[in-house]
Asks: 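Let me begin by handing over the structure; questions about it come next.
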Amino acid sequence: MIIVDRIENNEIAVCEINGKTTKNIPLTQISKNVHEGDVLKDEKGDGTFYTVDVAKTEQRKADITKRFERLKAKNKK
């Protein structure tokens, strides 16, 4: 899974690859409207162009929210 960790200088997306390594991807190689936390999909399978995988991004954000809510509930006890 490729996740955008941060965007630097409006030029580079620093991405986490499978939770193990990072890769700098020029924003010119990513579809418009990319944001931190988005999950990317390698459109051509060759690393030349990426798009935001909206479904995976939304699922990932929902999972994070659920974990956060469980943690908050656990800390209230």
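Side-chain atoms are counted along with the backbone in the values below, which use heavy atoms only and exclude waters and symmetry mates.
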Asks: Please check if the side chain of D5 supplies one atom and the backbone of E16 the other of a donor-acceptor pair under 3.5 Å.
Replies: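 No, because the side chain of D5 does not come within donor-acceptor range (under 3.5 Å) of the backbone of E16.
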Asks: Quick one: pull up SG in C15 and CG in D38 and give me the separation to the nearest 0.5 Å.
Replies: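 Result: 9.5 Å between the selected atoms.
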Asks: For the backbone of T48 and the side chain of D46, can you confirm whether one donor and one acceptor N or O come within less than 3.5 Å of each other?
Replies: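 Checked: pair present.
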Asks: For residues V54 and V4: do they belong to one hydrophobic cluster (side chain heavy atoms under 4.5 Å, members Ile, Leu, Val, Met, Phe, Trp, Tyr)?
Replies: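 Yes.
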Asks: Quick check for you: to the nearest 0.5 Å, what is the distance between F49 atom CZ and Q29 atom CD?
Replies: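 If we round to the nearest 0.5 Å, F49:CZ and Q29:CD are 9.0 Å apart.
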Asks: Of all residues at least two apart in sequence or in a different chain, which pass the salt bridge (charged side-chain N to carboxylate O under 4.0 Å, His left out) check with R60?
Replies: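 Listed in chain order: nothing, the list is empty.
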Asks: For residues 17-26, run the donor-acceptor check on the side chains, cut-off 3.5 Å, and write out each pair with its distance to 0.1 Å, sequence neighbours left out.
Replies:
residue, atom, partner, partner atom, Å
N18, OD1, M1, N, 2.2
K23, NZ, Y50, OH, 3.1

Asks: Given side chains that start at C-beta, do those of L71 and R67 come closer than 4.5 Å, heavy atoms only?
Replies: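 No; the side chains remain at least 4.5 Å from each other.
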Asks: Hey, does V34 have a side-chain heavy atom less than 4.5 Å from the side chain of L27?
Replies: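 Side chain of L27 against side chain of V34, heavy atoms only: contact under 4.5 Å found.
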Asks: Can a salt bridge be assigned to the pair K56 and E58 using a cut-off of 4.0 Å between side-chain N and carboxylate O?
Replies: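 So K56 does not pair with E58 through a salt bridge.
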Asks: Can you name the nearest heavy-atom pair linking G37 to I3, along with the distance?
Replies: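 Answer, listing the atom of G37 first, then I3: O-CG2, 4.0 Å.
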Asks: Mind checking whether T57 and K41 have side chains closer than 4.5 Å, heavy atoms only?
Replies: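 Result no, sub-4.5 Å side-chain heavy-atom pair not found.
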Asks: Out of curiosity, does I12 fall in the hydrophobic cluster containing L40 (side-chain heavy atoms, cut-off under 4.5 Å, transitive links)?
Replies: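 Different hydrophobic clusters.
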Asks: As a quick check of understanding, evaluate salt bridge (charged side-chain N to carboxylate O under 4.0 Å, His left out) for K66 and E69, giving each step before the final call.
Replies: CA-CA 5 Å; K66 286 178 190 176; E69 293 301 322; over 6 Å; no
Asks: Should V14 and I7 count as side-chain neighbours, where that means a heavy-atom distance under 4.5 Å?
Replies: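 They are not in side-chain contact.
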